[in-house]
2 protein chains.
Amino acid sequence: MLTGSTTTENRQPVSAVQRIERGLLEEIGAGELAPGQRLDEAGLASRFGASRTPVREALSRLTAQGVLVQGEKRGVFVAEYSREQQSQMFEAMHEIEAACARIVAQRLDFLSRSEIEAAQADCVKAAEVGDRTAYLRANEAFHQAIYKATGNPYMAEIASEFRQRTGPFRAKKFASREDLLSSAQSHQALLDSIFSKDAAAASKSMRDHMAVSFLETLKAN
Amino acid sequence: MLTGSTTTENRQPVSAVQRIERGLLEEIGAGELAPGQRLDEAGLASRFGASRTPVREALSRLTAQGVLVQGEKRGVFVAEYSREQQSQMFEAMHEIEAACARIVAQRLDFLSRSEIEAAQADCVKAAEVGDRTAYLRANEAFHQAIYKATGNPYMAEIASEFRQRTGPFRAKKFASREDLLSSAQSHQALLDSIFSKDAAAASKSMRDHMAVSFLETLKAN
DNA sequence: CCCTACTATTTTGTATGCAAAAGAATTTGT
DNA sequence: ACAAATTCTTTTGCATACAAAATAGTAGGG
């Protein structure tokens, strides 16, 4: 969304701050750093082979982005959310995703349609062989292709950020091959409505998709 | 949105980082720091009576939030947006605001209705006496009351952040007493539809309100 | 006058040290 | 045995110094 990018777009050396920030984001997204877990400046400095200064800066940036939270007096923790908060986050996410679907239905062009279809084909392939890791990656790419097709970087960024935040608990619903196949099938229904260019239908279809997704996520957590 | 809060909720001393971050946010919002303007670590350190360390941290946090952007090789600048980017930002803002209106129409209760009405009364009062500063403040409070009424802090936070980002160029449309009155009147139409509890009408009404708002902003800039 | 090379200056990223605050452990008193 | 006080340790926020990178300024040559 309105957050700064941590991707290196130019050929600049990656600063220690960026390395640490990125490394932590990956660990949080992968569930290696659990919600509520405390992060330790000195330990991280040692782990990432840097001094406390860039560690502090990376931690501070991540608190500014809401990924980490600062304790009242001391300590920085991985943000955790109650069930109610998760539900509110999903609600907001539903709204954003539905808006994205509507916008895409209105402004779909040949290129973005192709990109979305390619991403869906990857989802289907990964689901059929029951490759969970590949499916998670393909699923993300699928949704990213939809965001890109909005042609609005701000919509794309908000949506991406919600996906990142909800990623760890969302990932738990993809336990079996059947789960993967079901998800990929759900995508197809969604795409049919988007490709119909009926904005209202696309929006509704995305809401339905997200609602099912949320229920499955609740069951899996 | 999903950014960390910079408000001090407990009785903790305000750190230099927080002071600097807040000070810069205020200056940007007030237009005292113009889009594209370069910020200078040493100058800020001197200005805020601190060393470079907290200045760097504050700047880094604000780049993480997208309020500032880092130059390719050096320098930190106030983020600036092309007309197209502003348009995209407004589009995203329209979606969020329309979603907020719909949610409020669905879940309005006595307390939130009262709060919104009180905020609108302040807008009307400020508009009638032609007090621009008071109107800007009341207008923000009005929109904040709507966000609060969603009962969803994530929706509220995204919406607030868009308002903060678009604030400087939006403020320019409130030049005369007539502008203020017109805006306050537009609010009333919006509220009628929200208070009707018709979610679709509320959503549409907010879209209309935002569309007019955007056109006026274009004219004033 | 323009271009290149060199030097000086500025900016950036980070390491280290220090003081204050907070928390944990130990000691003392009842 | 328990509570309060004291001491020790850890954490936090920040200042300062240093080295590397980037930029600006100057001199010399064509």
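The structure presented is a predicted model; accordingly, all values stated were derived computationally and were not measured. Throughout, protein chains are lettered first and strands after them, A, B, ... in sequence-line order, and every chain is numbered starting at 1.
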Asker: May I have the distance from A/E72 (atom CD) to C/dG23 (atom C1'), rounded to whole angstrom?
Answerer: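 Spelled out: CD on A/E72 to C1' on C/dG23 is 15 Å.
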
Asker: Counting only heavy atoms from other residues, nucleotides and ligands, does the tally under 6.0 Å from NZ of A/K173 exceed 12?
Answerer: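 More than 12 within 6.0 Å, yes.
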
Asker: Within this structure, what is the NZ-to-C1' distance between A/K73 and D/dG13, rounded to whole angstrom?
Answerer: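 In whole Å, D/dG13 C1' and A/K73 NZ are 16 Å from each other.
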
Asker: Which whole-number value in Å describes the distance from B/R74 CZ to D/dA22 P?
Answerer: 8 Å

Asker: Give every pair of a protein N or O atom and an N or O atom of nucleotides 15-20 of chain D that lie under 3.5 Å apart, one pair per line with the distance.
Answerer:
residue : atom : partner : partner atom : Å
D/dA15  : OP1  : B/S51   : N            : 3.3
D/dA15  : OP2  : B/S51   : N            : 2.5
D/dA15  : OP2  : B/S51   : OG           : 2.0
D/dA15  : O5'  : B/S51   : OG           : 3.3
D/dA15  : N7   : B/T53   : OG1          : 2.8
D/dT16  : O4   : B/T53   : OG1          : 3.3

Asker: Could you give the CZ-to-P distance, from B/R56 to C/dT11, as a whole number of Å?
Answerer: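 Distance check: B/R56 CZ to C/dT11 P gives 13 Å.
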
Asker: For A/V14, does its backbone N or O pair with a side-chain atom of A/R19 as donor and acceptor, under 3.5 Å?
Answerer: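 Pair absent, no side-chain N/O of A/R19 close to backbone of A/V14.
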
Asker: Contact class for A/A42 (heavy atom, under 4.0 Å): base, sugar-phosphate, or nothing?
Answerer: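 No contact.
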
Asker: Atom CD of B/Q70 to atom C1' of C/dT11: distance rounded to whole Å?
Answerer: 12 Å

Asker: Find the distance A/L39:CG to D/dT11:P and express it as a whole number of Å.
Answerer: 13 Å

Asker: What integer distance in Å separates B/L44:CG from C/dT11:P?
Answerer: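 Distance check: B/L44 CG to C/dT11 P gives 12 Å.
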
Asker: How many whole angstroms separate atom CD of A/E41 from atom P of C/dA22?
Answerer: 15 Å

Asker: Can you spot which of A/Q37, A/E32, A/R22 makes a side-chain contact (heavy atoms from CB on, under 4.5 Å) with A/E27?
Answerer: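 Answer after filtering A/Q37, A/E32, A/R22: A/E32.
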
Asker: Under a 3.5 Å distance rule, please check whether B/D179 uses its side chain to pair with a backbone N or O of B/A175 as donor and acceptor.
Answerer: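 Yes, the answer is positive, given that a donor and an acceptor are paired below the 3.5 Å cut-off.
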
Asker: When A/S160 is tested against each of A/Q144, A/K148, A/E140, A/H143 for side-chain hydrogen bond (donor to acceptor under 3.5 Å, both in side chains), which residue passes?
Answerer: A/Q144

Asker: Would you say B/R61's side chain and A/S60's backbone share a donor-acceptor pair under 3.5 angstrom?
Answerer: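 Confirmed, B/R61 side chain pairs with A/S60 backbone.
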
